[in-house]
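Everything on this sheet refers to the single structure shown next.
Naming: A, B, ... by sequence-line order, numbering from 1 per chain. Note that the coordinates shown come from a computational prediction; the quantities given were computed from them, not determined experimentally.
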Protein chains: 2
Amino acid sequence: MVRQRIEIKKIDNVTARQVTFSKRRRGLFKKAKELSTLCDAEIALIVFSSTGRLFDYSSSSMGQVFERHNLQTENLMQPNQPSLDLHLDNSRYAVASKEVKEKTLELRRLRGEELHGLSLEELKKLEKTLEGGISRLLKTKTEMFEKEITALKIKEARLMEVNEWLKQQAKVQMGTDKRQTHEQGQSSDQSVITTTNNGSSAAAPPPCQDYNSSDTSLKLSLSFPS
Amino acid sequence: MVRQRIEIKKIDNVTARQVTFSKRRRGLFKKAKELSTLCDAEIALIVFSSTGRLFDYSSSSMGQVFERHNLQTENLMQPNQPSLDLHLDNSRYAVASKEVKEKTLELRRLRGEELHGLSLEELKKLEKTLEGGISRLLKTKTEMFEKEITALKIKEARLMEVNEWLKQQAKVQMGTDKRQTHEQGQSSDQSVITTTNNGSSAAAPPPCQDYNSSDTSLKLSLSFPS
DNA sequence: CGACCTATTTATAAGGT
DNA sequence: TACCTTATAAATAGGTC
């Protein structure tokens, strides 16, 4: 591929093979990580060198990816031996445990602990991650606030409408109080009232069965000064 | 990488992301196969697209590679009893697995993902955590920079001293060139030169066996104009 | 989707330290 | 072993079809 293009077949020279292995392994892992990041893909990569050394990478959790892979593959194959693989079963714990350790360390680092031993480059990467996290979090928070505000404004508008209507009603009541109670005075029955609506300024209130439908809205609204 | 270099972060545009996924996935699998062929390595690669499609490759057999991976991981973890108690093993796995899931979620949230379903209170807590993390990280970064700068200044001072001394030596050489080379001209042997130091302004350089002691310092110093 | 195009960026073979 | 350098091959972003 370079100074001289090489054929894709096993490299005979042991030293050259090891050198190529190191370089290409790094390249492969880099590409895997990039693909995972760029395209939001879940990736697991396991490489054993010819000398038996293990290198692995997983975008999320090896165990998760394995399981997902098994699920997809299992169905294509015969629903055969249920766990002939004692080793696989028994070492699941080891895998999971390793993952717990890794994730715990990562969490600590995101919290700004255990930073010793990190290079400047790694620190910068961490900083970028944190900034991305904060940025997305603030976006979400803003969205929540805005949604809340919108909901509250709608509620306010409806309440004002109802209010207006009630005022009109009160006026009407004042004038017709004694004569008309037996005709249309049952305000607890909306359907009856609604039928009296003829589109005039003293309209009936809009159907508002959902004033209290949003629990969060209700809770949050309490934190605003009234 | 190409017509225009792109940043390694999730591609927002769905179409572009899918196209990139296809291209890079093919590239990644090709590289994996080449590495396996060239260097006689055992490789397993699993990729799930963001839409859930599975792509995999294994130089031998997935199961084989998984098992080998588990064995290695297991050995690193606990070189102990090869599981006497299956029940214990399973429950430990369950616990660890749950932990992995929890930590994975927490990590995602710290990265600003999966924020839906969090209350405002939880968001605020998360924000505080992130701010604490950034704050501690920046403190560490600043410390590293300052340490680096201090080291560089010390080095600078030493180099200037040596420089000065070398200039003096050059002067002396100019004046005594022909007559005295046999007496003190071996500038490659500092100890000999040092013995000529009598405290005058043309002092010998300080003992500087540690000029190269800090790899990072050395690297950084190269980036300064000489 | 995939195939092809092209200008650029990356990866890397071979060599050196 | 790992890292640097250099010239060159390979990968690929952004198009078009």
Among [options], the nucleotide that comes nearest once only the side chain of [X] is considered:
X	options	value
Ile6(A)	dT10(C), dA13(C), dA2(D)	dA13(C)
Arg5(B)	dT9(C), dG2(C), dT1(D)	dT9(C)
Lys31(A)	dA2(D), dT9(C), dT12(D)	dT12(D)
Lys23(A)	dA11(C), dC3(D), dG15(C)	dG15(C)
Arg24(A)	dA13(C), dG2(C), dA13(D)	dA13(C)

Tell me whether the OP1 or OP2 atom of [N] has a side-chain N or O from [X] closer than 4.0 Å.
X	N	result
Thr20(B)	dT12(D)	no
Arg26(B)	dG2(C)	yes
Gln4(B)	dT8(C)	no
Lys30(B)	dA11(D)	yes

Task: Pairwise distance NZ(Lys155(A)) to OG1(Thr150(A)) - rounded to 0.5 angstrom - done: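 The distance works out to 13.5 Å.
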- [ ] Would you give the length of the straight line joining atom CG of Leu130(A) to atom CD of Glu131(B), rounded to the nearest 0.5 angstrom?
- [x]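 With rounding to 0.5 Å, CG (Leu130(A)) is 11.0 Å from CD (Glu131(B)).
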Open item on the list: Can you tell whether the side chains of Arg108(B) and Glu114(B) come within less than 4.0 Å, N to carboxylate O?
Closed with: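 Salt bridge flag = yes for Glu114(B) with Arg108(B).
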Task: Non-hydrogen atoms of Leu123(B) and Leu137(A) that approach each other most closely - done: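 Shortest heavy-atom separation between Leu123(B) and Leu137(A) comes out as O-CD1, 3.8 Å.
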- [ ] Compare every heavy atom of Thr15(A) with every heavy atom of Asn13(A), then report the nearest pair and how far apart it is.
- [x]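 Looks like OD1-N, 2.9 Å.
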Atom pair distance, as rounded to whole Å: [atom1] in [X] and [atom2] in [N]:
X	N	atom1	atom2	value
Gln18(B)	dT12(D)	CD	P	17 Å
Glu34(B)	dA10(D)	CD	P	9 Å
Ile8(A)	dA11(C)	CD1	C1'	13 Å
Arg25(A)	dT1(D)	CZ	P	9 Å
Glu7(B)	dT12(D)	CD	P	18 Å
Leu35(B)	dA13(C)	CG	P	10 Å
Phe21(B)	dG2(C)	CZ	C1'	15 Å
Phe29(A)	dA11(C)	CZ	P	15 Å

Open item on the list: Both Gly27(B) and Ser22(A) contact DNA chain D. Taking the nearest nucleotide for each, which residue is further toward the 5' end?
Closed with: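 It is Ser22(A) whose nearest nucleotide is closer to the 5' end.
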